[in-house]
Trainee: 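This is the structure, below, for whatever I ask next.
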Amino acid sequence: MATIELFNTLGGKIESLAPVGTPALRMYCCGPTVYDYGHIGNFRTFLHVDVLRRVIRQHGIPVEHVMNITDVDDKIIRNAAAAGVPIAQYTEKFERAFFEDLDALGIQRPEHISHATACIPDMVSLIQQLAAKDIAYQAEDGSWYFRIARFPEYGKLSKKDFDGIEDGARVDIDEYEKDAARDFALWKAVKPGEQSWDTALGTGRPGWHIECSAMATKFLGDDIDLHAGGEDLMFPHHENEIAQSESASGKPFARHWMHVRFLLVEGKKMSKSEGNFYTLRDLLLKGYRASAIRFLLISVPYRHQMNFTFKALADATNAVDRLRTFYQRMTILADLLKGGFDDSETATDPNILGIVEKAREDYTAALNNDLNTAEASAAIFELVRAGNAVADAGTLRPGVAVEILKVLDLFDGVFAVLEDRDAAITRAALAWAEAEGRIDEAAPELVATLAFSDADIDALVAERTQAKKTRNFARADAIRNDLLAKGILIEDSKDGVRWKRK
RNA sequence: GCACCGAUGGCGAAGUGGCUAACGCGCUGGUCUGCAAAACCAGUAUUCAUGGGUUCAAAUCCCAUUCGGUGCUCCA
């Protein structure tokens, strides 16, 4: 099979991605700091890493993927103190929410998930290795710093040349003891009232960057295949990881670096002050579907800045619906064969098999080409149109529908939007909002629609079908319009009546 | 301020030197339907921010300008 070509920030060009030294591809992705609910920008990154791991697995390559949970840092300490609870209690809630959100968005769990606070000994040991080489040094207050002067390659990932850059315009009030302004904290000495650990380095807590170096090494070794994260992490976070890891091991830390670009929201940087800051839960309560959010965030390739808009989100909902409708149509056709139906005599379009094959090839080639999800979905929509047209003409053999379904399954192995879990996810979000006292943020129509059970809807749909049989169209249309007003759409088809929630 | 990235139809968005500028959504007309919906067909940018240049050939390369974004500081 063709190789996966992926842009490598280190080197600045597209390179083949493949495991070296082990059968599995060993990758590390910087995880969340669990001090609040995840926002759509966070999830854009996690979604594209999910796309990557799914593509790798479709190539038959196993993945060994590590993600950290940062459960101690300045913001957590500050917020937990403000809430008057221990940090573990504070982070537990947001960590649980984070995993619920991953599930809602269909993001696969990494093979290894570890907490920063569970890896303190690993971090201490790493810092000790650096200290033995005099690369880590302790300041007078007891904090430990990384001596950047001892790592000449510093800046190679973010392409920064620190020679000649002025070195000390800013001096943080509690970092005045550093030897050089760029030196970064490995271990922060304890401050009154803060959570701390008693270690060989003294009493304190880890700096931010060290956990990723320690965890990646702990689970994957000191020369991993891929390291991924948001573009903002490139500097200083990833640069510092490289400095720590490579200084300790003497080996290149990660061969391949992947960075996902930020998104804009309604054309502007997402920020609380702009009023365009959205968590996944905010969107679910507004009535948008998890599947549409996934599809939209994935559909723009990861290296492009994408503009997230509510219009685009509504459009994505329709696009996903079209894919699902087509999938159902093909499934119904393919299922004819299960009943022992012999389709060898069925009229058949002479070109459709070639179109199916082309869709498969275009789809695969697009993803292999630096994860071009836009072109990949275009290939699938070409198949949708062709398949529908042939089916409309009555020349789609069930055996061909089986082949089409294979391509759709390949597609869904990465895009993961065809299975409809949306109503359940939205119900869970409403239950959460209720528990948090935020139910007033939910769109009223959403509450109304979900208040209707499937059985309620089925009963009304049956009544309408009965009315139609007696040609009582006034009554039938009244039911249809009433349901539509509540967000439920009825579709009559040759195979019976379908309905769906809008 | 310095550095880097981007600007493609009504909206979102591919395409980075050469076939009629993908794809999705929307809109208009048609087919189908009791009417709709779904689905299909046709139409919907002679043109790729603006101005110059290179080339037989440019949305794609170069220069300038305008606008948006990012990094230099916590951030996915």
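Proteins get letters first, then strands, A, B, ... in listed order; numbering begins at 1 in each.
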Trainee: Would you say the side-chain atoms of A:Ser213 pair up with the backbone N or O of A:Ile210, donor to acceptor, closer than 3.5 Å?
Mentor: no
Trainee: Does A:His304 put a side-chain nitrogen or oxygen below 4.0 Å from OP1 or OP2 of B:rA7?
Mentor: no
Trainee: Once you round it to whole Å, what is the distance between P of B:rA76 and OH of A:Tyr37?
Mentor: 17 Å
Trainee: Take atom CZ of A:Phe277 and atom C1' of B:rA76, then tell me their distance rounded to the nearest Å.
Mentor: 11 Å
Trainee: Suppose we call two aromatic rings close when their centres sit under 6.0 Å apart. Are A:Phe277 and A:His39 close by that rule?
Mentor: yes
Trainee: Pick base, sugar-phosphate or nothing for A:Lys159, based on heavy-atom distances below 4.0 Å to the nucleic acid.
Mentor: nothing
Trainee: In whole Å, what is the span from the NZ atom of A:Lys75 to the C1' atom of B:rC75?
Mentor: 6 Å
Trainee: Just the atom pairs and distances: protein N or O near nucleotides 23-32 of chain B's N or O, under 3.5 Å.
Mentor:
unit_1 : atom_1 : unit_2   : atom_2 : d
B:rG24 : OP1    : A:Arg322 : NH1    : 3.4
B:rC25 : OP2    : A:Arg322 : NH1    : 3.2
B:rC25 : O3'    : A:Asn318 : ND2    : 3.3
B:rC25 : O2'    : A:Asp315 : OD1    : 2.3
B:rC25 : O2'    : A:Asp315 : OD2    : 3.3
B:rG26 : OP1    : A:Asn318 : ND2    : 3.3

Trainee: Could you tell me whether A:Lys286 sits above the aromatic face of A:Phe310, with NZ or CZ closer than 6.0 angstrom to the six-membered ring centre and within 45 degrees of the axis?
Mentor: yes
Trainee: Can you check whether A:Lys156's main-chain N or O pairs, donor with acceptor, with A:Glu239's side chain at less than 3.5 Å?
Mentor: yes
Trainee: Reading RNA chain B from 5' onward, which residue's closest nucleotide shows up sooner: A:Arg303 or A:Asn388?
Mentor: A:Arg303
Trainee: Between B:rA38, B:rG34, B:rA39, which nucleotide has the shortest distance from any of its atoms to the side chain of A:Asp477?
Mentor: B:rG34
Trainee: Can you find an N or O donor on one side and an acceptor on the other, under 3.5 Å apart, linking the side chain of A:Arg44 with the base of B:rA76?
Mentor: no
Trainee: Could you give the distance separating B:rU31 and B:rA45 at their P atoms, to the nearest angstrom?
Mentor: 24 Å
Trainee: On a heavy-atom basis, which atom in A:Val72 and which in A:Pro206 lie closest, and how many Å separate them?
Mentor: CG1-CG, 4.3 Å
Trainee: How many Å lie between CD on A:Glu266 and C1' on B:rG69, as a whole number?
Mentor: 16 Å
Trainee: Taking CE from A:Met234 and P from B:rC5, how many angstroms apart are they, rounded to a whole number?
Mentor: 11 Å
Trainee: Does the ring of A:Phe473 lie flat against the base of B:rG34, closer than 5.5 Å centre to centre with planes under 30°?
Mentor: yes
Trainee: B:rG52 and B:rA58: how far apart are their P atoms, nearest whole angstrom?
Mentor: 15 Å
Trainee: Measure centre to centre between the rings of A:Phe94 and A:Tyr35, then say whether the value is under 6.0 Å.
Mentor: no
Trainee: Closest to the A:Glu375 side chain: B:rA14, B:rC75, B:rG69?
Mentor: B:rA14
Trainee: Please report the distance separating the P of B:rC63 from the corresponding atom of B:rU70, rounded so that it comes out in whole Å.
Mentor: 24 Å
Trainee: Rounded to whole angstroms, how far apart are CZ on A:Phe262 and P on B:rG68?
Mentor: 19 Å
Trainee: Students often get this wrong, so: under 4.0 angstrom with heavy atoms, is A:Leu489 touching a base, only sugar-phosphate, or nothing?
Mentor: sugar-phosphate
Trainee: Could you identify the nucleotide paired to B:rG43, looking across every strand shown and requiring Watson-Crick or G-U wobble geometry with both distances under 3.5 Å?
Mentor: B:rC27
Trainee: Would you indicate which nucleotide in B:rC5, B:rA39, B:rU70 comes nearest to any side-chain atom of A:Arg261?
Mentor: B:rC5
Trainee: For a quick check of understanding: with a heavy-atom distance under 4.0 Å over all strands, which category does A:Leu263 fall into, base, sugar-phosphate or nothing?
Mentor: base
Trainee: Can you tell which of B:rC5, B:rC72, B:rA76 lies closest to the side chain of A:Pro236?
Mentor: B:rC72
Trainee: At 4.0 Å (heavy atoms only), tell me whether A:Pro301 reaches a base, stays on the sugar-phosphate, or touches nothing.
Mentor: sugar-phosphate
Trainee: Scan every strand shown for a Watson-Crick or G-U wobble partner of B:rA14, both distances under 3.5 Å, and answer none if you come up empty.
Mentor: none
Trainee: Could you tell me how far B:rU28 sits from B:rG9 if I compare only their C1' atoms? Round to whole Å.
Mentor: 15 Å
Trainee: Quick one: which of B:rA39, B:rA38, B:rC35 gets closest to the side chain of A:Arg480?
Mentor: B:rC35
Trainee: Does A:His238 have its ring centroid less than 6.0 Å away from the ring centroid of A:His259?
Mentor: yes
Trainee: Check this one for me: any side-chain N or O of A:His259 less than 4.0 Å away from OP1 or OP2 of B:rA76?
Mentor: no
Trainee: What does A:Thr325 touch in the nucleic acid at a heavy-atom separation under 4.0 angstrom: a base, only the sugar-phosphate, or nothing?
Mentor: sugar-phosphate
Trainee: With a 3.5 Å limit on both atom pairs, tell me what B:rG68 is paired to, counting Watson-Crick and G-U wobble, or say none.
Mentor: B:rC5
Trainee: Using the C1' atom in both, what is the distance from B:rU66 to B:rC11, to the nearest Å?
Mentor: 23 Å
Trainee: Describe the nucleic acid contact of A:Val300 in one word from base, sugar-phosphate, nothing, applying a heavy-atom distance below 4.0 Å.
Mentor: sugar-phosphate
Trainee: Whom does B:rA38 pair with, Watson-Crick or G-U wobble, provided both distances fall under 3.5 Å?
Mentor: none
Trainee: Applying a 4.0 Å non-hydrogen cut-off, can you work out what A:Asn372 is touching in the nucleic acid: base, sugar-phosphate, or nothing?
Mentor: sugar-phosphate
Trainee: Rounded off to whole Å, could you give me the CG-to-C1' distance for the A:Asp482 and B:rA36 pair?
Mentor: 16 Å
Trainee: Does the structure show a Watson-Crick or G-U wobble partner for B:rU33, both distances under 3.5 Å? Name it, or say none.
Mentor: none
Trainee: Checking contacts here: which listed nucleotide (B:rG34, B:rA37, B:rC40) is nearest the side-chain heavy atoms of A:Arg464?
Mentor: B:rG34
Trainee: Charged N to carboxylate O below 4.0 Å: is that the case for A:Glu194 and A:Arg205?
Mentor: yes
Trainee: As a test of understanding, state which of A:Leu220, A:Asp225, A:Ile56 forms a side chain to side chain contact (heavy atoms under 4.5 Å, CB included) with A:Met27.
Mentor: A:Ile56
Trainee: Nearest to the side chain of A:Lys269 - B:rC75, B:rA13, B:rA37?
Mentor: B:rC75
Trainee: When the distance from CG of A:Asn276 to C1' of B:rC75 is rounded to whole Å, what number comes out?
Mentor: 15 Å
Trainee: When you compare B:rC23 with B:rG15, how far apart are their P atoms, in angstrom units rounded to a whole number?
Mentor: 15 Å
Trainee: Is the backbone N or O of A:Ser291 less than 3.5 Å from a side-chain atom of A:Asp422, with the two atoms forming a donor-acceptor pair by type?
Mentor: yes
Trainee: Mind checking the C1' distance from B:rA22 to B:rA14? Whole angstroms is fine.
Mentor: 6 Å
Trainee: Which of the following nucleotides, B:rA76, B:rG12, B:rC72, is nearest to the side chain of A:Ala312?
Mentor: B:rG12
Trainee: When rounded to the nearest Å, what value does the distance between P atoms of B:rC19 and B:rA57 take?
Mentor: 14 Å
Trainee: Between A:Asp36 and A:Lys272, does any side-chain N to carboxylate O distance fall below 4.0 Å?
Mentor: yes
Trainee: Once you apply a heavy-atom cut-off of 4.0 Å, does A:Asn307 come out as touching a base, just sugar-phosphate, or nothing?
Mentor: sugar-phosphate
